[in-house]
Every structure is written in C-alpha cells, then in structure tokens.
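Beneath this line is the structure, given in structure tokens, with notes to follow.
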Amino acid sequence: MSDTLNRISEEGANGSSMMPVIQGVGRAAIEIAALLRGAVFRGALGLAGGENVQGEQQQKLDVLSDEIFLDQMRSTGHVCAVGSEEQEELLVIDEYASAPYLVLVDPLDGSSNLDVDGPVGTIFSVVKRKSASDQRPDVNDTLQAGRDVIAAGYVLYGPATMLVCSVGSGVNGYTYNTNNARFEISHPDIKIPQSGGYYSVNEANSAQWLHGMADTLISVRHTEKLGMRYVGAMVADIHRTLLKGGVFLYPADAKNTTGKLRLLYEAIPMGFLMEQAGGKAHTGEQPVLDVQPEALHQRVPVYLGSCAAVDGLTA
Ligand code: AHM
Ligand code: MG
C-alpha cells in the first residue's frame, strides 16, 4: 500500500489541478481526526451555544472543524471561497479572491454521534468559479448542478481515518497511516455492488414518509434481498453502501417535505461519488446531479446506492 494521495495528480483531466485542494482536505482531515480523539480531554464535547443557519444547535466540534477546514482551504491558495453548512453566508477568502475554485463543505457530518463516540465525517465538493477572476466570488458561483462538480469526496473518522474521493474518473479510497502520516490507497477504483447489501434509513419516520414510500421500501427490500443498517451519520452509512451495496435514503416526510439533507453539502457530493462508482443518486423526481441549486442551504430527498435498489424506490 505504498501509493499515496499524490496519485490524484495522475487521475483524469481534473487530477493535477485538484491536487492542492485534495491535499488541503487531507491536512484538514488529519487535524480534525486529532481534534476528535482528544475532544473529551479538552472539554471540546457538547454544545457551542449557537445555532447554524438551519436552526440546529452547533456543537463545539462543529465550530472547530469548520475553522480547521476553512484555514486549510485558505492555505492551498487555490480556493477563492468556501460554502459551509455551518455558515449562513459564503465565506470569501480575501487573499485569494481571484483563485479558480470554490469548495462546499459539511465539516462535521453526523454530529449527533459525537457524544457516543460514534463515527462522523466531513463531506466536500469542488466547483470552478463562474465569475471572472477579477470579480469578487459570490453565492451564484456555488449554485452549480452536480454535473458541473469537478471533485467530491468525504472523510470518515472511524476506527481508521479514510478519505474517499473522485476527480471525475472513478472513486478511490485512502486510509491514513499513522506510522508515516500519509493517506495511502487502500480501496482503489471502488465500484458499488449491484446486488445485495443493506437498506439504510431512519425507519422511525416511516409513518410520516410521503408518496407511499413505506410500502415501496418493504417491496424493494424483499426484491433486492437487503439487510438493514443505520448509523445515523451519512458518511458512515454511504461508505458502507458504496462497499457493500444496497441503498441509503432520506425521503421527504410530513415534517421535512423537501427532505432533510442538504443539496450542496450532502446530496451532490455523495451523488457524484455514487455515479462515479457505478451507482445511482436520485431525489425521487430526478437524478440528484441534474438538480439546479437555487439556494446555498437547500434540502432535497435522497436515494443513493445500487442501481436496482434506487430504481425500485424512485421509478
Ligand atoms: P448534520 O449535518 O447536522 O450532522 O445532519 C445530517 C445527518 C446525516 O449525517 C444523517 O444521515 C442524518 O442527519 C440523520 O438524521 P436522523 O437523525 O433524522 O436520522
Ligand atoms: Mg451534515
């Protein structure tokens, strides 16, 4: 396993240009993993006292992870702005306001798992700015459909720290080796299994799901012979779905009529990875990557996984 994150530079058209950004994500991941490991000793668990734009209570680790990620994106010199789930407005990096890329991030996804030492993750995607380099980037630069994303991925903080990403030519998984402080390739060319695996959903909401989804799921889980797993942290649930097959879903329900998960920070990056791994990503109405974003913090229903399972739930 000697191949490291540097191999991104050899992958397809976007490989070399994405190198600095993906390496920046890798540095952020190492810092966030260390922060998580030591959080209980530094009093960094628990609520920060504020709310994010979605009206959700922020945990201290949400805020700290957001700062780490932003600092690392700034240090690449290639990122002009960052849109974060934890920030109401787009954050423009003034020193590099003419740089070519914008990054969208959920710095610490699945934060309800923090108090129970469960897995959490970071989710990101990269787009090219639409505005001219002599203009100040703004939110319109981020409102790009998933088809225009040039790189996306996630970091899973589990027993090992893994970075799984795509620059548009397949999906590779790298595991952080603490002995040499490098991300080494451990899961080359990930392809989602097209049969078997698990369905993954918060089934406690099934009575509230719209459009008869509860009955549809019962039928699909029988036809596709799916087991059931749910961590409640999207990164962990998607990681298992990519490796073992099946489907992760967060449907619209009576409370969240447009779904719970965020289009730009969660649905599009994971949808990009799913398609790159030979799977599908759908909202129930259209492929996730075809949705034209209208707002930074927009939500959509998601069905992500093996083709037959996603088709069965969304046809
Ligand atoms: P977060 O970004 O505030 O952590 O919320 C997103 C998380 C996902 O990781 C996970 O799939 C989902 O919310 C779980 O929601 P629920 O607790 O409703 O099952
Ligand atoms: Mg999230």
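Remember, it's 1-based here, ligands and their atoms both numbered in the order they're listed. Keep in mind that what you see is a predicted model, and the values were worked out from it rather than measured.
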>> Out of all atoms in ligand 1, which are within 4.0 Å of some heavy atom of E266? Include the element for each.
In response: 2 (O), 6 (C)
> Checking D62 side chain against E86 main chain: does a donor-acceptor pair fall under 3.5 Å?
Replying inline: no
> Can you tell me how far the CZ atom of R7 sits from the CD1 atom of I22, to the nearest 0.5 Å?
Replying inline: 13.0 Å
> Hey, does S112 come in under 3.5 Å of ligand 1, counting only N/O atoms on both sides?
Replying inline: no
> By number and element, which atoms of ligand 1 are closer than 4.0 Å to a non-hydrogen atom of Y230?
Replying inline: 14 (C), 15 (O), 16 (P), 19 (O)
>> Using a 4.0 Å cutoff against the non-hydrogen atoms of S111, which atoms of ligand 1 qualify?
In response: 4 (O)
> Parallel, tilted or perpendicular for Y176 and F183, by the 30°/60° rule?
Replying inline: tilted
> With only distance considered, is N205 within less than 3.5 Å of ligand 1 through an N or O on each side?
Replying inline: no
> Which residue pairs pass the side-chain hydrogen bond (donor to acceptor under 3.5 Å, both in side chains) test with at least one member in residues 304-315, sequence neighbours excluded?
Replying inline: K280-D311
> Quick one: does D237 get a heavy atom under 4.0 Å from ligand 1?
Replying inline: no
> Considering only heavy atoms of M234, which atoms of ligand 1 have at least one such atom less than 4.0 Å away?
Replying inline: 8 (C), 9 (O), 10 (C), 11 (O)
>> Does ligand 1 come near enough to A233 that some N or O of the ligand is less than 3.5 Å from an N or O of the residue?
In response: no
> What atoms in ligand 1 come closer than 4.0 Å to a heavy atom of F248?
Replying inline: 11 (O)
> Is the side chain of Q276 donor-acceptor paired with the backbone N or O of F272 at a distance under 3.5 Å, no angle test?
Replying inline: no
>> For Y265, which part has a heavy atom under 4.0 Å from ligand 1: side chain, backbone, both, or neither?
In response: neither
> Which residue from N202, L249, D109 reaches closest to atom 6 (C) of ligand 1 through any of its heavy atoms?
Replying inline: D109
>> Is it the case that ligand 1 has an N or O less than 3.5 angstrom from some N or O of G110?
In response: yes
>> Just to verify, what does R27 make a salt bridge (charged side-chain N to carboxylate O under 4.0 Å, His left out) with, not counting sequence neighbours?
In response: none
> Taking the side chain as C-beta and beyond, is there a heavy-atom pair between Y198 and R240 under 4.5 Å?
Replying inline: yes
> For ligand 1, which atoms sit closer than 4.0 Å to a heavy atom of R262?
Replying inline: 1 (P), 2 (O), 3 (O), 5 (O), 6 (C)
>> Return the CD1 to CE distance between I8 and M18, rounded to the nearest 0.5 Å.
In response: 10.0 Å
> Should one rank P107, A236, G232 by closest heavy-atom distance to atom 10 (C) of ligand 1, which comes out on top?
Replying inline: G232
> Would the number of heavy atoms belonging to other residues, nucleotides or ligands and lying under 6.0 Å from CD of E285 be above 12?
Replying inline: no
>> Students often mix this up, so state it plainly: with edges at 30° and 60°, are the rings of F69 and F124 parallel, tilted or perpendicular?
In response: tilted
>> Taking 4.0 angstrom as the limit and counting only heavy atoms of E85, give me the atoms of ligand 1 inside it, by number and element.
In response: 1 (P), 2 (O), 3 (O)
> Relative to ligand 1, is D106 under 4.0 angstrom through side chain, backbone, both or neither, heavy atoms considered?
Replying inline: side chain
